[in-house]
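Encoded as structure tokens, the structure appears first; notes follow it.
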Amino acid sequence: MARRLRSVDLDFVEAAPLRLVFAAEASAPPDAVYHALADDVEGWPGWFTPVTVALPLDGGAGREVRLRGGIAFRETVVATDPGERYAYRVDRSNAPGLHALVEEWRLTPAGTGTRVQWTFAADGSPLFRFTLRRARGAVGRSFRDAVRNLDRRLSAATA
């Protein structure tokens, strides 16, 4: 059963006890990447392979996300800066040991494409933090694969 997590603000992205920050480049422009993140929530499983379900809720103010392995999140969108930033806080989850989580996607122009930076800002039990630190490499690979898949998807949509 999902548990309510600690409610944190956007400044948690910088203040979290555990921050994983990854960056990758996409050939698509920032507005296209932003649209895929914020407006096409249901499309996430098509490019971010750990995601099995992503549904917008409350007119786009929230999201429901499920991952492979049964982890589920109920999220509140906390930042929507078109072409620049998309961020959400997890309010409820069944992830063991998780106490608070904000994910921020920053988009900056990179030539004709986009530099995508993803910050995973979390707090949790000591075992949760230890496990996530150990999984940093796998999480980074998953992010880079997701950006590559998204870029392919966006390129195919404009072809």
Side-chain angles (χ1 to χ4, degrees), residues 1-26 28 30 33-34 36-38 40-58 60-81 84-108 110 114-153:
M1 185 56 68
R3 294 173 281 95
R4 178 160 283 296
L5 303 184
R6 188 170 80 240
S7 183
V8 292
D9 294 323
L10 192 55
D11 62 353
F12 188 70
V13 169
E14 298 300 326
L18 178 61
R19 296 177 68 245
L20 303 179
V21 181
F22 306 100
E25 289 198 12
V33 175
Y34 179 86
L37 292 171
D40 186 20
V41 172
E42 292 171 318
W44 280 55
W47 56 271
F48 208 142
T49 56
V51 177
T52 61
V53 173
L55 301 171
L57 302 173
D58 305 323
R63 304 173 358 142
E64 178 182 330
V65 175
R66 291 187 210 136
L67 305 179
R68 282 185 288 152
I71 300 295
F73 302 106
R74 173 61 165 87
E75 304 167 340
T76 296
V77 176
V78 294
T80 56
D81 301 319
E84 297 177 15
R85 176 172 61 169
Y86 182 65
Y88 42 88
R89 172 189 65 230
V90 174
D91 296 316
R92 300 183 67 77
S93 179
N94 62 350
L98 178 61
H99 298 159
L101 174 61
V102 173
E103 294 181 44
E104 178 188 59
W105 297 76
R106 285 260 182 196
L107 311 174
T108 53
T114 305
R115 180 178 187 271
V116 181
Q117 179 179 293
W118 178 49
T119 302
F120 187 93
D123 191 14
S125 68
L127 180 58
F128 173 86
R129 291 192 312 266
F130 173 79
T131 302
L132 198 51
R133 281 188 186 103
R134 298 277 301 187
R136 179 183 189 82
V139 174
R141 277 189 301 282
S142 179
F143 164 76
R144 286 186 297 279
D145 289 347
V147 172
R148 191 169 36 256
N149 292 340
L150 176 59
D151 202 32
R152 277 192 222 118
R153 181 181 179 108

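Small disclaimer: the values here were computed from a predicted structure and weren't measured. Residue numbers run from 1 in the order of the sequence given.
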Can you check whether Ala72's main-chain N or O pairs, donor with acceptor, with Ser93's side chain at less than 3.5 Å? yes

Looking at Arg3 and Leu98, would you say the former's side chain and the latter's main chain have a donor-acceptor pair under 3.5 Å? yes

Between the main-chain N or O of Ala28 and the side-chain N or O of Thr114, is there a donor-acceptor pair closer than 3.5 Å? yes

Does any part of the side chain of Glu104, heavy atoms only, come nearer than 4.5 Å to the side chain of Val78, both counted from C-beta? no

Within 6.0 Å of CZ in Arg66, more than 12 heavy atoms from elsewhere: no

By side chain to side chain contact (heavy atoms under 4.5 Å, CB included), Arg6 pairs with (sequence neighbours left out) Val8, Phe12, His99, Ala100, Asp123

Trp105 and ring pair (Phe, Tyr, Trp, His ring centres under 6.0 Å): which partner among Tyr34, Trp44, Phe120? Trp44

Verify, without hydrogens or angle tests, whether Arg106 (side chain) and Gln117 (backbone) share a donor-acceptor contact under 3.5 angstrom. no

Correct closest heavy-atom pair for Leu150 and Ala36 would be CD1-CB, 3.5 Å

Suppose we screen for ring-ring contact (aromatic ring centres under 6.0 Å, His included). Which residues come up paired with Tyr86, at least two apart in sequence or across chains? Tyr88

Pairwise side-chain contact, Val41 with Glu75, heavy-atom cut-off 4.5 Å (strictly under): no

State, with a plain yes or no, whether a side-chain heavy atom of Leu107 is found less than 4.5 Å away from one of Val116. yes

Any donor-acceptor pair under 3.5 Å linking the side chain of Arg129 with the backbone of Gly124? yes

State, yes or no, whether a side-chain contact exists between Asp91 and Arg4 at a heavy-atom distance under 4.5 Å. yes

Student check: side-chain heavy atoms of Asn149 and Phe48 closer than 4.5 Å: no

Smallest separation among heavy atoms of Val33 and Ala26, with atom names: CG2-CB, 4.4 Å

Pairs under 3.5 angstrom only: tabulate donor-acceptor contacts from the side chains of residues 135-146 to other protein residues two or more places apart or in another chain.
{"from": "Arg141", "atom 1": "NH1", "to": "Gly137", "atom 2": "O", "distance (Å)": "3.4"}
{"from": "Arg144", "atom 1": "NH1", "to": "Gly140", "atom 2": "O", "distance (Å)": "3.4"}
{"from": "Asp145", "atom 1": "OD1", "to": "Arg148", "atom 2": "NH2", "distance (Å)": "2.3"}

Would you mind reporting whether Pro45 and Thr52 have side-chain heavy atoms less than 4.5 Å apart? no

Is any side-chain heavy atom of Glu103 less than 4.5 Å from a side-chain heavy atom of Trp118? yes

Within the distance-only criterion (no hydrogens, no angle test), does the side chain of Arg89 pair as donor or acceptor with the backbone N or O of Leu10 below 3.5 angstrom? no

Does some side-chain heavy atom of Val65 sit less than 4.5 Å from a side-chain heavy atom of Val53? no

Nearest 0.5 Å, please: how far is CH2 in Trp47 from CG in Leu37? 5.0 Å

Gap separating the CG atom of Asp58 from the CD atom of Glu64, nearest 0.5 angstrom: 11.0 Å

